[in-house]
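Count residues from 1 along the sequence. Note: hydrogens, waters and symmetry copies are ignored here, and every other heavy atom, side chains too, is used.
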Amino acid sequence: MKKKNEFKKDKLEAPWLSRLYLTQKQRHAFYKWALMALLLLVISVLQDVVLCRLRIYDATTDLVPCLIFLIAIIEGSQNGSVFALCAGMFYQFSGSAPGGYALVLVTAIAIGAAIFRQSYLQKSFGAALLTTGLAILAYELLVFAIGWAFGLTILSRLPGFLITAVLTLVAVPLLYPVVLSIAAIGGDIWKE
């Protein structure tokens with residue numbers, strides 16, 4: 001007579017990822033926001049490594065806030081404001097931001113631009129270009145004003161900040177199709 005084993009073999013468990021059930025809509029949302037974050041990281045590295053060395057009239061581009069504003073405007077005030085807050089924290093803690101106030105500026109301007117676009121303009125390239133341009137101009141002027149108030153810059157540097165706003169606005173037509181194609185993943189939540 002054979003003895004049965006006292007111990008049962010351990011059940012092989014499936015990997016933790018297969019136990020995590022995500023609907024198709026949730027997976028698409030995850031992919032969309034992961035790609036947006038990756039795009040922000042790539043633009044941040046591009047800005048800090050390459051574009052900061054290219055100067056025109058002692059001004060350069062400021063693509064990270066521009067991308068944050070553009071994503072918030074395209075995604076709308078509800079989703080865009082959460083992204084703007086998270087991306088603003090990334091921008092602040094990456095060391096690229098001009099000061100501690102950049103987190104508040106980027107988040108507030110992005111939310112204001114998204115609300116303005118949703119309230120008064122239809123979803124189009126022209127509306128995105130206009131509101132992103134106004135957001136960039138407001139950001140650059142407020143960064144200049146805060147720097148001037150704290151004695152970090154002088155009044156004669158104002159044209160440099162305005163040129164930075166114009167150079168950054170030139171990059172919006174290049175970023176818009178990329179952000180729009182990423183934002184289309186999973187479909188629109190709200191049809192305007």
Side-chain angles (χ1 to χ4, degrees), residues 36-75 80-81 83-117 120-121 123-183:
M36 293 281 194
L38 182 65
L39 179 64
L40 183 68
L41 180 66
V42 167
I43 291 296
S44 179
V45 169
L46 183 70
Q47 175 68 44
D48 289 344
V49 174
V50 177
L51 295 176
C52 68
R53 298 177 190 270
L54 301 174
R55 297 202 169 267
I56 299 173
Y57 296 113
D58 203 28
T60 186
T61 58
D62 210 357
L63 291 182
V64 177
C66 174
L67 183 64
I68 294 170
F69 299 149
L70 187 60
I71 290 172
I73 289 165
I74 288 175
E75 282 298 318
S81 61
F83 179 81
L85 179 63
C86 296
M89 286 192 306
F90 169 76
Y91 182 50
Q92 176 63 40
F93 295 130
S94 70
S96 301
Y101 50 86
L103 171 63
V104 175
L105 277 181
V106 166
T107 305
I109 293 172
I111 293 170
I115 290 172
F116 175 76
R117 207 274 318 145
Y120 299 109
L121 303 171
K123 198 172 193 177
S124 67
F125 172 71
L129 183 66
L130 175 68
T131 51
T132 305
L134 291 173
I136 291 167
L137 183 64
Y139 175 76
E140 293 297 332
L141 289 176
L142 286 170
V143 166
F144 172 76
I146 291 170
W148 183 65
F150 288 132
L152 301 173
T153 189
I154 55 176
L155 198 55
S156 63
R157 286 278 302 132
L158 179 61
F161 282 86
L162 295 175
I163 293 171
T164 297
V166 170
L167 290 176
T168 305
L169 188 60
V170 169
V172 172
L174 300 174
L175 292 173
Y176 180 78
V178 176
V179 173
L180 194 64
S181 62
I182 293 172

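The main-chain N or O of V178 is found under 3.5 Å from a side-chain atom of S181 such that the two form a donor-acceptor pair. Side chain of T107 to main chain of L103: a donor-acceptor pair is present (N/O by atom type, distance under 3.5 Å, no hydrogens or angles).
Separation of atoms OG1 (T131) and CD1 (I115) is listed at 12.5 Å; rounding is to 0.5 Å. Atom OG1 of T153 sits about 12.5 Å away from atom CD1 of I146, to the nearest 0.5 Å. Note that the CG atom of L39 and the CG atom of L175 stand 7.0 Å from one another [nearest 0.5 Å]. Considering CG of L105 and CG of L141, their distance stands at 11.0 Å, rounded to 0.5 Å. The structure places CG of L167 at 10.5 Å from OH of Y57, a figure rounded to the nearest 0.5 Å.
Applying the side chain to side chain contact (heavy atoms under 4.5 Å, CB included) test between F69 and each of V106, I74, T168, V64 identifies V106 as the sole match. For the side chain to side chain contact (heavy atoms under 4.5 Å, CB included) test with I68, the passing option among I73, L40, L85 is L40; the others fail.
F83 approaches A37 most closely through the heavy-atom pair CE1-N, 4.5 Å. Closest approach of L121 and A127 over heavy atoms only: CB-CB, 3.8 Å. Nearest heavy-atom pair, L63 versus A171, reported as atom, atom and distance to 0.1 Å: CD2-CB, 3.4 Å. Smallest separation of non-hydrogen atoms from I109 and A138: CD1-C, 4.1 Å. Taking every heavy atom of both residues into account, A165 and E140 meet most closely at CB-CG, 3.9 Å. The two atoms that bring Q92 and A102 nearest to each other are OE1-CB, 3.8 Å, heavy atoms only.
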Checklist entry - side chain to side chain contact (heavy atoms under 4.5 Å, CB included) between F90 and L41: does it pass, once the steps are laid out? => result CA-CA 9 Å; F90 169 76; L41 180 66; 3.8 Å; yes
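Each ring pair (Phe, Tyr, Trp, His ring centres under 6.0 Å) pair with one or both residues in residues 152-176, not counting sequence neighbours, appears once here: F125-Y176, F144-F161. Every pair passing side chain to side chain donor-acceptor pair (under 3.5 Å) that includes a residue from residues 60-69 is listed here, sequence neighbours excluded: Q47-T61.
The aromatic rings of Y91 and Y139 are tilted relative to each other, their planes meeting at an angle between 30° and 60°.
Considering only heavy atoms from C-beta on, C66 comes within 4.5 Å of V172 through its side chain. The shortest side-chain heavy-atom distance between L129 and L169 falls under the 4.5 Å cut-off.
Residues forming a ring pair (Phe, Tyr, Trp, His ring centres under 6.0 Å) with F150 (at least two apart in sequence, or on another chain): none.
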